[in-house]
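Residue numbering restarts at 1 for every chain, and letters A, B, ... go by the order of the sequence lines. Because only heavy atoms are used, hydrogens play no part in the values below, and waters and symmetry mates are left out as well, while side chains stay in.
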Amino acid sequence: MKRNGLRQLEAALWELPVSFKKGMKVPVHIAGTEKLIGGMDDAVFDQISNVASLPGILDRAWCMPDGHKGYGFPIGGVAAFDAEEGVISPGGIGFDINCGMRLVTSSLTWEELRPNLRELVDTLYSRIPAGVGGEGALNLSLSEFSDLCHEGARWCLKKGYAGQEDLARTEDEGCMDDADISAVSREALERGRTQVGTLGSGNHYLEIQVAEPGNVRDMDTAAVFGIERPNQIVVMFHCGSRGFGHQIATDYLKLFTKISHAKYGISVNDRELACAPFAAPEGQAYYRAMCCAANMAFANRQIILHLLREVFSEVLGKGPAETGLRQIYDVTHNTARVETHLTDGVEKRVLVHRKGATRALPPGSVDLPPEYRRTGQPVIIGGSMETGSWLLAGVSGGARSFFSSAHGSGRVMGRRQAKKQFSLDEIEKRLEEEEIYIRSSSRGVLAEEAGPAYKDIDEVVRASEAAGLSAPVVKLVPVGNIKG
DNA sequence: ATGTCC
């Protein structure tokens with residue numbers, strides 16, 4: 001599949017019209033600079049046009065500027081479906097349900113933290129389980145885990161692992177209300193209950209970052225978000241629902257492939273786009289199970305924040321008030337949510353799939369905590385361990401993409417190629433020169449996650465801004481990182 | 001992403 005027919009609408013906005021491929025119900029919009037679009041794999045255009053052919057899709061299928069090839073949907077895909085006529089697809093959400101980002105500010109500066117950096121990273125690494133198959137300190141019974149799946153971050157508040165402000169500054173306040181454990185397999189529950197408070201593997205990490213004064217693009221918004229001192233330390237982390245969400249996605253992909261297509265007369269261009277009508281019992285069951293995984297992931301990140309606060313206090317010998325580890329925001333980038341949007345001039349209840357895409361609410365949104373209603377939602381874009389990450393804010397122009405923005409840099413090469421191409425010695429030498437201290441359970445992960453394996457994050461941010469999806473606030477550069 | 005293959 002080639003990209004013939006792709007046309008440029010604006011400096012950073014491109015369209016695949018419905019004539020691009022037979023069966024497309026709506027056009028595709030892709031945000032990206034010429035450079036990013038040029039570097040996109042042809043598979044991205046193929047995949048997102050398949051998405052635009054799914055039953056009940058509304059308005060446009062979107063691909064964010066960090067888009068790359070994924071399972072069925074591209075990573076960076078956004079699609080809204082009519083809640084009555086449309087479908088829900090596990091491939092449009094991702095195997096790692098509610099994979100997301102949390103950003104935490106502190107009252108420390110790099111100068112103050114620097115002497116303790118190594119000890120801090122070593123202690124975080126020993127306290128926060130990371131890596132494939134990692135199990136957490138909380139060994140929950142099935143009944144406790146069931147409560148956690150229904151209550152999300154509220155469970156953590158009840159157990160003393162969260163503060164009220166943490167919940168207020170989490171998407172959906174850390175709980176999707178439609179969770180129903182009866183839709184989750186025994187196997188998924190058994191995998192999930194030991195994994196609360198664990199980071200995972202691959203590109204999941206926890207990173208200590210610095211907000212250098214030269215990297216602040218919007219001082220007023222940064223200050224509202226709690227970043228106001230030169231070289232202030234912040235902590236960003238990225239993880240999801242571990243084997244729990246993965247098992248739920250696997251269970252329902254199998255079910256949808258086996259039953260739903262024949263039963264509901266659905267045909268898809270790619271078997272990886274297995275789906276069910278959202279309103280049908282099978283679609284509702286997956287959605288309710290998905291909400292359980294979303295809640296597990298919110299709780300997972302909340303427990304990690306709790307561990308982070310403990311370690312900072314212990315290593316630095318300071319109380320919580322002195323370390324000042326306050327959550328800026330927590331946002332999911334692998335989910336489906338029921339939202340109200342204007343499509344064709346009519347307000348409609350729609351199911352928005354965001355896979356590798358961040359919700360980005362505009363200023364004034366009532367779904368934001370009051371302190372952020374003037375600025376818009378904090379949008380957290382995680383970069384590679386070498387190149388830095390960005391904090392942006394939602395803007396009113398984001399209405400065109402169902403208020404969605406990019407989520408990361410996006411890979412430019414597969415893990416296998418990265419391992420083949422990059423020398424571990426060179427990466428380690430470079431990290432030392434750049435003064436980035438990393439602890440990882442696997443040396444191979446270092447090559448897979450090396451900076452050059454990813455797109456230029458500054459270019460992704462430029463595209464997000466130029467396409468009117470979100471506005472840059474501050475770039476954050478890494479000094480310490482733990483990963484699986 | 002993932003008890004990295006049922």
Side-chain angles (χ1 to χ4, degrees), chain A residues 43 47 66-77 89-102 129-136 139-140 145 184-206 237-255 257-258 272 274 286 289-290 292-294 296-298 300-301 304 331-336 353-358 382 384-385 407-411 413-420 440-449 453-454 482-484:
Chain A
Q47 290 190 322
D66 52 336
H68 54 115
K69 188 186 167 188
Y71 182 91
F73 279 56
I75 293 153
S89 173
I93 291 156
F95 278 86
D96 189 6
I97 295 164
N98 190 4
C99 185
M101 307 289 311
R102 187 171 292 213
V132 176
E135 298 197 342
N139 199 341
L140 301 178
F145 186 63
V184 178
S185 71
R186 183 82 187 188
E187 191 178 10
L189 293 171
E190 283 299 339
R191 276 182 80 169
R193 69 184 180 85
T194 57
Q195 295 185 318
V196 180
T198 66
L199 206 46
S201 175
N203 68 350
H204 287 161
Y205 61 84
L206 179 146
F237 52 96
H238 176 217
C239 63
S241 52
R242 306 290 327 283
F244 183 55
H246 193 278
Q247 189 62 49
I248 288 171
T250 305
D251 291 341
Y252 280 93
L253 273 167
K254 271 189 206 154
L255 177 76
T257 308
K258 210 165 104 185
E272 295 183 354
Y286 169 60
M290 186 215 80
C292 289
M296 186 276 197
F298 283 133
N300 191 22
R301 292 195 287 275
I304 290 173
V331 69
T332 162
H333 53 226
N334 277 9
T335 196
H353 290 61
R354 292 190 184 88
K355 181 197 195 176
T358 300
S384 79
M385 63 189 186
H407 84 303
S409 336
R411 299 192 73 90
M413 65 180 77
R415 299 181 174 279
R416 205 186 322 184
Q417 197 193 333
K419 262 185 177 162
K420 205 167 80 183
S440 171
S441 66
S442 141
R443 271 186 102 224
V445 168
L446 282 188
E448 293 177 0
E449 297 302 319
Y454 283 89
I482 68 168
K483 58 200 319 88

Interatomic distance, His246(A) NE2 vs dC5(B) P [rounded to whole Å]:
10 Å
Send over the distance from Lys254(A) NZ to dC5(B) P, rounded to a whole Å.
14 Å
Considering every strand and a 4.0 Å limit on heavy-atom distances, what is the contact class for Arg411(A): base, sugar-phosphate, or nothing?
nothing
Classify Glu135(A) by what it touches in the nucleic acid, base, sugar-phosphate, or nothing, heavy-atom distance under 4.0 Å.
nothing
Arg411(A) and Glu449(A): salt bridge (Lys or Arg N to Asp or Glu O under 4.0 Å), yes or no, with the steps?
CA-CA 9 Å; Arg411(A) 299 192 73 90; Glu449(A) 297 302 319; 3.5 Å; yes
Just to be sure I understand the rule, does Ser201(A) reach a base, reach only the sugar-phosphate, or reach nothing, if contact means heavy atoms closer than 4.0 Å?
sugar-phosphate
By ring pair (Phe, Tyr, Trp, His ring centres under 6.0 Å) - contacts of Tyr205(A) (at least two apart):
His238(A)
Can you tell me which residue among Arg242(A), His246(A), His204(A) is in a side-chain hydrogen bond (donor to acceptor under 3.5 Å, both in side chains) with Asp96(A)?
His204(A)
Take the protein atom CZ of Arg242(A) and the nucleotide atom P of dT2(B), then report the distance between them rounded to whole Å.
5 Å
side-chain contact (heavy atoms from CB on, under 4.5 Å) involving Arg416(A) - partner list, sequence neighbours excluded:
none
For atom CD of Gln195(A) and atom C1' of dT4(B), their distance in whole Å:
14 Å
Gln247(A) atom CD is separated from dC6(B) atom C1', nearest whole Å, by 12 Å
Whole Å only: how far is the OH atom of Tyr252(A) from the P atom of dT2(B)?
21 Å
Rounded off to whole Å, could you give me the CD-to-C1' distance for the Glu448(A) and dT4(B) pair?
10 Å
Rounded to whole Å, please give me the gap between NZ in Lys258(A) and C1' in dC6(B).
14 Å
